[in-house]
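Before any comments, here is the structure.
Only this structure's heavy atoms are used, side chains among them; waters, hydrogens and symmetry mates stay out.
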Amino acid sequence: MCGIIGIAGASDVAAALYDGLTVLQHRGQDAAGIATMDGDRLRLHKGNGLVKEVFDEHSMSLLTGRVGIGHCRYPTAGSEGSDEAQPFYVNSPYGIALAHNGNLTNTDALRRLVFEQDKRNINTESDSEVLLNVFAHELQSQGALTPQAAVAAVAGVHRRCTGGYAVVTMVMGLGLVAFRDPHGIRPLVLGKREGAAGTEYAVASESVALDILGFVRVRDVQPGEAMVITPSGELYAEVCAAPQPHATCIFEYVYFARPDSMIENISVHKARMRMGVTLGQKILRLRPDHDIDTVIPIPDTSRDAALEIANVLGVKYREGFIKNRYVGRTFIMPGQGERVKSVRRKLNPIPLEFRDRVVLLVDDSIVRGTTSQQIVQMAREAGARKVYLASAAPPVRYPNVYGIDMPSAEELVAHGRTEAEIEKLLGCDWLIYQDLPDLEAAVAGPKFPGRKFDSSCFSGEYVTGIDASYFEHIKQLRSDAAKRKRRGV
């Protein structure tokens, strides 16, 4: 999962891109980059690290131009060096920079075609560079540089690429081009700002980036849609892919997105609250005479759900863990060893909230299970009499192939195990999961009953269709063992 943003403004946009990336930092902490268009010159700066570490006053001063794109990287497959930082750039045709959130599932076949058929070389392991070269080839084949040519090039991308992707590109001499995969798996939202100097547009992974920059959220980019925004503020938009089932990634609502974001006109905050209501109701069905004294969230993304569970159960809600804000999100750290070491650096219990109590710990989801094991043990050491664990999401039993680093199935704690077996492995006295129909209904809410989502990591049903051999392929790329080998550990 990555954060992307693009702005076509009335003045230099680098500072706004920087600010937008800082509020998208939760989506990726591995690398960051900004590219701007200054007349006929492309300015680019990127590197490993957080946004605040990659950019300084000098580098920002060089990023002049009224059109630009930005990216913060979260590694899934590929290496973890600075050559994977985005935006990527090719000089033909015209000069194109691209930033991408998601994952292509036919990268290997595309890589061969790009080299053999399109006569283009791919220099990294990144599927984003493959996507960039596919787009560049399709644009070059149009023979003109117009908004209509860019839309036709995006249509070519949709025909050739399979997977989940949201993309912002900057085409020299044309402006900003943004598009989204035909299923709408990865999110992308459009914002507009009116000022004395004219109309400005922005697109971003989450609406919160638009909010802090003063853009009004207009709408989500539609699945399969291409948007072209010129430096003069003209907007061209067209759906250029064959209709496909609309299936936004449900894990955006469970974990990745900020609660103050809107995705597909659904408040992430309200979706998480509804997850808590449905999970609380399930607890009451299973144990109407429960002995829970206190509900404690595992910060931060489970707070909304935990508060509603406490309300449904009629018990106390308490903050029982203090979080070190200077440690990154453990789920998106590159290796299991780093995740394990980080849990106790990241969270510290308040013994007063655990001592002699039956506590219900609430997490947004349970993926590998090692973090949950440690947190359950921390609660016991803090004096809890019993430790129950609730997940606002169903068991994660299958890899995510659309841009989230959920590894090979064998590394998922729920894969091939019953809930009783998982409960024993995690060391809790009771483990309760959300049911998938309840999760989907909670996210859809009363405004969008029956809306479908990409829930493949829970159900194993992949909306794009996946060849069985692909899972062995991503195991070789994404497993912690593979990542350690690439780092020479």
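Ser59 and Asp56 share a donor-acceptor pair across their side chains, judged by distance under 3.5 Å alone. A donor atom on one side chain and an acceptor atom on the other are not found under 3.5 Å apart for Arg180 and Asn101. For the 3.5 Å distance criterion, the side chains of Gln377 and Glu381 qualify, holding a donor opposite an acceptor. Between the side chains of Gln434 and Thr278, a donor-acceptor pair is found at a separation under 3.5 Å.
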Determine whether Tyr433 and Ile366 satisfy the following criterion, side-chain contact (heavy atoms from CB on, under 4.5 Å), listing intermediate values before the conclusion. CA-CA 9 Å; Tyr433 281 104; Ile366 302 169; 4.2 Å; yes
After noting the C-alpha distance and the side-chain angles of Val343 and Thr370, does the key distance pass the side-chain contact (heavy atoms from CB on, under 4.5 Å) rule? CA-CA 9 Å; Val343 174; Thr370 50; over 6 Å; no
Hey, mind stepping through Ile283 and Val312 against side-chain contact (heavy atoms from CB on, under 4.5 Å) and telling me if it holds? CA-CA 9 Å; Ile283 292 171; Val312 171; over 6 Å; no
Steps toward salt bridge (charged side-chain N to carboxylate O under 4.0 Å, His left out) verdict (Lys282, Asp438): CA-CA 9 Å; Lys282 180 178 180 180; Asp438 286 345; over 6 Å; no
Val254 vs Leu439, side-chain contact (heavy atoms from CB on, under 4.5 Å): CA-CA, chis, key distance, verdict: CA-CA 9 Å; Val254 170; Leu439 174 64; 4.0 Å; yes
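In this structure the side chain of Leu412 reaches within 4.5 angstrom of the side chain of Val367, judged on heavy atoms. Side-chain contact between Leu347 and Met378 is present, with heavy atoms from C-beta onward closer than 4.5 Å. The side-chain heavy atoms of Leu62 and His45, taken from C-beta on, include no pair separated by under 4.5 Å. Side-chain atoms of Phe256 and His26, non-hydrogen and from C-beta on, never get closer than 4.5 Å to each other. At least one side-chain heavy atom of Ser205 sits under 4.5 Å from a side-chain heavy atom of Ile4. A 4.5 Å side-chain heavy-atom check between Met170 and Leu44 finds every atom pair outside the cut-off. Between Glu264 and Tyr253, the closest side-chain pair of non-hydrogen atoms falls below 4.5 Å. Using a 4.5 Å cut-off on side-chain heavy atoms (C-beta onward), Thr124 and Phe88 make contact.
A donor-acceptor pair under 3.5 Å is formed between the side chain of Ser302 and the backbone N or O of Val362. Side chain of Glu411 to backbone of Ser408: no donor-acceptor contact under 3.5 angstrom is found. The backbone N or O of Arg417 lies less than 3.5 Å from a partner atom in the side chain of Arg397, making a donor-acceptor pair. Judged by distance alone, with hydrogens and angles left aside, the side-chain atoms of Gln25 form a donor-acceptor pair with the main-chain N or O of Val51 at under 3.5 Å. Of the possible donor and acceptor atoms, one in the side chain of Lys46 sits under 3.5 Å from a partner among the backbone N and O of Ala85. A donor-acceptor pair is defined here as one N or O able to donate and one able to accept, closer than 3.5 Å; such a pair exists between the side chain of Gln373 and the backbone of Leu425. A donor-acceptor pair under 3.5 Å is formed between the side chain of Asn103 and the backbone N or O of Val401. The closest donor-acceptor contact from the side chain of Arg43 to the backbone of Leu63 lies at 3.5 Å or more, if one exists at all. Under the 3.5 Å distance criterion, the side-chain polar atoms of Glu421 are matched with a main-chain donor or acceptor of Thr418. Looking only at distances, a side-chain donor or acceptor of Asp181 sits under 3.5 Å from a matching main-chain atom of Tyr165.
A distance of 5.0 Å separates CG in Leu361 from CD1 in Ile298, rounded to the nearest 0.5 Å. To the nearest 0.5 Å, the span separating CG on Leu21 from CD1 on Ile5 amounts to 6.0 Å. The distance from the CG atom of Leu313 to the CD atom of Gln281 is 10.0 Å, given to the nearest 0.5 Å. Between the CG atom of Leu210 and the CD1 atom of Ile7 there is a distance of 8.5 Å, given to the nearest 0.5 Å. Taking SG from Cys72 and CD from Gln86, the interatomic distance works out to 10.0 Å, rounded to the nearest 0.5 Å. Note: Thr107 OG1 to Glu125 CD = 10.5 Å, rounded to the nearest 0.5 Å.
Counting all heavy atoms, side chain and backbone alike, Ser365 lies closest to Ser391 at CA-OG, 3.5 Å. Residues Leu98 and Ser128 share a closest heavy-atom pair of CD2-O, 3.8 Å. Across every non-hydrogen atom of Pro446 and Arg274, the tightest pair is CD-NH1, 4.0 Å. Between Ile292 and Val315, the shortest heavy-atom contact is O-CG1, 3.4 Å. Here the closest heavy-atom approach between residue Asp454 and residue Ala247 is recorded as CB-O, 3.5 Å. Residues Ala99 and Ile69 come closest through the heavy atom pair N-CD1, 3.9 Å.
The ring-ring contact (aromatic ring centres under 6.0 Å, His included) contacts involving residues 363-384 comprise nothing, where partners must be two or more places apart or lie in separate chains. Judged as a ring-ring contact (aromatic ring centres under 6.0 Å, His included), the pairs with a partner in residues 352-372 (not counting sequence neighbours) are, in order, Phe321-Phe354. Applying the ring-ring contact (aromatic ring centres under 6.0 Å, His included) test to every pair with at least one member in residues 275-306, sequence neighbours left out, gives no pairs at all.
The pair Asp291-Lys386 meets the salt-bridge criterion, with a side-chain N (NZ, NE, NH1 or NH2) lying under 4.0 Å from an Asp/Glu carboxylate O. Between Arg303 and Glu319 a salt bridge is recorded (basic side-chain N to carboxylate O distance below 4.0 Å). Of the charged side-chain nitrogens involved, none lies within less than 4.0 Å of a carboxylate oxygen, so that Lys452 and Glu461 do not count as a salt-bridged pair.
Ring geometry for Phe458 against Phe251 counts as tilted: the plane angle lies between 30° and 60°, on a 0 to 90° scale.
Annotation: salt bridge (charged side-chain N to carboxylate O under 4.0 Å, His left out) contacts of Lys316 (sequence neighbours excluded): none. With sequence neighbours left out, Arg385 forms a salt bridge (charged side-chain N to carboxylate O under 4.0 Å, His left out) with Asp293.
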Please report, to 0.1 Å, the donor-acceptor pairs under 3.5 Å made by any side chain of residues 183-190, with sequence neighbours excluded.
unit_1 : atom_1 : unit_2 : atom_2 : d
His183 : ND1    : Pro245 : O      : 2.8
Arg186 : NH1    : Tyr402 : O      : 2.8
Arg186 : NH2    : Glu252 : OE2    : 3.4

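Considering Arg258, Arg217, Arg27 in turn, Arg27 is the only one that fulfils the salt bridge (charged side-chain N to carboxylate O under 4.0 Å, His left out) rule with Glu206.
Within the 6.0 Å centre-distance limit, the rings of Tyr462 and Phe471 are counted as a close aromatic pair.
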